[in-house]
Amino acid sequence: MKNILIVGAGGQIGSELVPYLQNIYGKNNVVATDINCSACNKLAENGPFEELDALDANKYAEIVKKYKIDTIFNLVALLSATGEKNPQLAWKINMGALLNSLEIARENKCAVFTPSSIGAFGASSPLDNTPQDTVMRPSTIYGVCKVTGEMLSDYYYTRFGVDTRSVRFPGIISNLTLPGGGTTDYAVEIYYAAIKEKKFTCPLPAGTFLDMMYMPDALEACVQLMEADPSKLKHRNSFNITAMSFDPAKIYEAIKKRIPDFTMDYNVEPVKKAIADSWPNSMDDSCARAEWGWNPKWNLETMTDDMLKVVGDKFKKGLF
Ligand code: SER
């Protein structure tokens with residue numbers, strides 16, 4: 001990777017991936033783009049920034065040519081719960097951005113990274129120790145887009161030689177930009193609520209186990225996979241990766257150990273519960289470990305220490 005384009009840079013992953021890549025590859029070699037300029041003021045201050053609607057193929061291609069881009073991170077997506085509110089729009093945005101990314105990559109000889117998700121699985125997949133290669137019949141439009149995207153990305157690799165790679169991210173926990181409209185968002189919101197109000201109302205019931213990961217591991221995965229020796233990759237789109245699996249009761253316990261007067265109750269949201277129930281409890285990520293050295297560093301305890309420290313500092317500074 002030399003000249004990198006991040007599409008959808010203002011979101012939860014992009015806002016941290018941009019500075020992370022700038023540190024490694026140089027500030028001027030990472031171009032941030034987003035449809036929403038105001039979300040990107042900070043990104044624009046630190047390096048090249050362009051306003052881009054990923055569905056605008058002409059402008060997208062111009063930017064790729066202007067900066068001589070060789071690697072595209074396509075991070076544009078409506079998440080699972082939002083997608084169910086407007087499935088047609090979710091298909092249009094999620095698939096439109098991916099198809100433009102793949103076509104522009106084919107024409108300009110770029111590599112493409114696109115996140116897939118635990119949401120690519122469905123209730124008929126084995127939900128414990130979910131294998132890398134198994135039944136994938138998701139019940140959400142988000143998942144339908146992810147499975148289609150995985151297949152389309154593999155197709156562009158085998159048919160046109162486009163260097164496409166991706167991971168199936170679990171819920172990502174972070175403290176810079178809040179996620180929005182996802183089923184796993186509760187695992188971020190709980191830390192903010194614990195610091196601010198010392199109480200949290202959980203939208204998923206106890207016993208709902210899902211794979212999760214702290215943002216630093218997610219960022220490292222992006223670079224590790226894109227820098228991996230292609231001859232070692234038996235898979236491409238997309239690798240299971242996980243760092244931990246917990247349910248609401250377990251994350252609550254971890255926080256309560258550190259904030260003894262923290263309380264949690266439940267107000268289960270049926271759409272989110274149905275989505276979470278159809279997703280893996282824990283994935284098998286042995287292929288990622290074997291093929292490109294995936295090895296997460298953070299677990300629930302170390303992540304909770306760090307989240308409470310960082311979110312606590314933000315609160316003291318009046319940032320939320
Ligand atoms: N975090 C996403 C969601 O909950 C899953 O990839 O929608």
Side-chain angles (χ1 to χ4, degrees), residues 8 10-17 73-87 89-91 93-95 97-98 113-123 125 127 130 136 138-150 153 166-192 202-205 208-215 217-219 221-222 225 237-248 251 268-283 285 288 296 303 307:
Q12 186 196 12
I13 299 176
S15 61
E16 299 207 36
L17 186 62
F73 284 81
N74 166 42
L75 305 180
V76 175
L78 293 193
L79 293 186
S80 56
T82 308
E84 289 316 298
K85 289 189 188 138
N86 193 342
L89 183 68
W91 175 269
I93 291 176
N94 297 11
M95 294 313 299
L98 176 61
F113 175 95
T114 308
S116 185
S117 161
I118 49 173
F121 294 106
S125 311
L127 296 184
T130 309
M136 301 183 79
S139 51
T140 61
I141 191 67
Y142 177 74
V144 170
C145 292
K146 289 302 185 194
V147 174
T148 313
E150 289 189 12
S153 299
S166 66
V167 295
R168 294 179 186 133
F169 275 132
I172 298 177
I173 291 137
S174 65
N175 48 49
L176 184 67
T177 305
L178 288 170
T183 303
T184 58
D185 294 6
Y186 91 87
V188 180
E189 289 156 3
I190 193 171
Y191 287 105
Y192 283 79
C202 189
L204 294 178
T208 306
F209 281 82
L210 290 167
D211 285 293
M212 300 279 177
M213 178 181 297
Y214 197 28
M215 183 63 92
D217 279 331
L219 300 176
C222 293
L225 175 58
N237 304 284
S238 180
F239 286 93
N240 286 3
I241 57 168
T242 183
M244 58 191 102
S245 165
F246 57 73
D247 76 328
I251 189 172
V268 173
E269 290 179 29
V271 172
K272 286 192 176 171
K273 179 184 184 305
I275 294 173
D277 285 347
S278 75
W279 288 357
N281 304 321
S282 66
M283 289 188 289
D285 60 7
M303 176 179 78
M307 279 295 285

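What you are looking at is a predicted structure, and each value in this text was computed from that prediction instead of being measured. Ligands are counted one by one from 1 in listed order, and the atoms in each one are counted from 1 as well.
Side-chain atoms of T114 and S238, non-hydrogen and from C-beta on, never get closer than 4.5 Å to each other.
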Ligand 1: which protein N/O atoms lie under 3.5 Å from its N/O atoms?
| from | atom 1 | to | atom 2 | distance (Å) |
| --- | --- | --- | --- | --- |
| ligand 1 | 1 (N) | T184 | OG1 | 2.8 |
| ligand 1 | 4 (O) | T183 | N | 2.6 |
| ligand 1 | 4 (O) | T184 | N | 3.1 |
| ligand 1 | 4 (O) | T184 | OG1 | 3.3 |
| ligand 1 | 6 (O) | S117 | OG | 2.6 |
| ligand 1 | 6 (O) | Y142 | OH | 2.9 |
| ligand 1 | 7 (O) | S80 | N | 3.1 |
| ligand 1 | 7 (O) | S80 | OG | 2.6 |

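In this structure, the side-chain hydrogen bond (donor to acceptor under 3.5 Å, both in side chains) partners of S116, at least two apart in sequence or on a different chain, are E150. Here A218 pairs with F169, I172, M213, M215 under the side chain to side chain contact (heavy atoms under 4.5 Å, CB included) rule; sequence neighbours left out. Not counting sequence neighbours, D185 has no partner by the salt bridge (charged side-chain N to carboxylate O under 4.0 Å, His left out) test.
Counting only N and O atoms by type, the side chains of S80 and T183 include a donor and acceptor under 3.5 Å apart. A side-chain donor-acceptor contact under 3.5 Å links T177 and S15.
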